[in-house]
Amino acid sequence: MSTDLNGAGVLSALAGALAGGGVEIVDLSHVLSPEIPVMVLPPEFGQCQPVRIEEVSRYDARGPAWYWNTITLSEHAGTHFDAPAHWVTGRHLAQGTVDDLPLDHLVAPAVVLDFSAEAAADEDFILTRAHLEDWEAANGKIDPGCWVLFRTDWAQHVTTPKYLNLREDGPHSPGPDASAIEFLVHERGILGFGTETIGTDAGQGSHLSPPYPAHSILHGNGRYGLQCLAGLDRLPARGAILFAAPLKIRDGSGSPLRVLALVPGKGSAA
Ligand code: MN
């Protein structure tokens, strides 16, 4: 969209569109609760703890007029953000932790790649460069600086064993291979890659080359991950603006967060 609006005009127009329904807000986050599944690693490794919510008081003898909880969270529980420092490939990068991210990375456009049919047909569906080239042929080139969101409709499994889909040989869920992530990072200059599954990598991503290619390549190049997203079926293929600002945790490797998308609303002109 071309516009001659200055910044104040853009914000004024946005305020009007939000009030009038021309722009709507879509919540891309799951409820953060003790029931939300967390990553399970092989037993020789340290484990991510489940979410804990402990009541401090609730209009009772512990605090007659107020309600509050103490929460205990893994940085990687629920809908969450992965910073470059999460992976060893990104450990030495500047601005690699959640307390030090460039602010203009926290509000950015998003494209949504709908591979829900493929994921329904194959729980180990692997997204490749060829799939991305086909998507671009139909939908246009992926812009630099945008989030690429991989829609699999996996969010609908969040309360069921299918979400982690753990078997004797580990978890089974869709994800990208190295060719897809190399293409997105080096040839398209994306900001980050978002998924509905518990990680940005496929459940069987440890068997790819390199192992966990999304984590390895994204974070080694200063790019971000979003996981456990919901509501991707409510986003257009192009044109959404994503608000994804992790908590400002000192030296944090990631953070639960509320991810919101601005999308054209029903009240908007064509
Ligand atoms: Mn993570």
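All ligand and atom numbering here is 1-based and tracks the order in the structure. The figures that follow rest on heavy atoms only: side chains count, while hydrogens, waters and symmetry mates do not.
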- Atom name, D82 (N, O or S, nearest to the Mn ion (ligand 1)): OD1
- Item | Whether H76 has an N, O or S atom under 2.8 Å from the Mn ion (ligand 1) | yes
- Rounded to the nearest 0.5 Å, what's the gap from CG on L191 to CG on D143? Could you check? 12.5 Å
- Message: Tell me whether the rings of W147 and Y224 are parallel (<30°), tilted (30 to 60°) or perpendicular (>60°).
- Response: tilted
- Report yes or no: does Q95 contribute a side-chain atom to a donor-acceptor pair with the main-chain N or O of D100 at less than 3.5 Å? yes
- At the Mn ion (ligand 1), NE2 of H80 and OE1 of Q227 open up to roughly (10° bins) 80°
- Pair H76-S253, side-chain donor/acceptor within less than 3.5 Å: yes
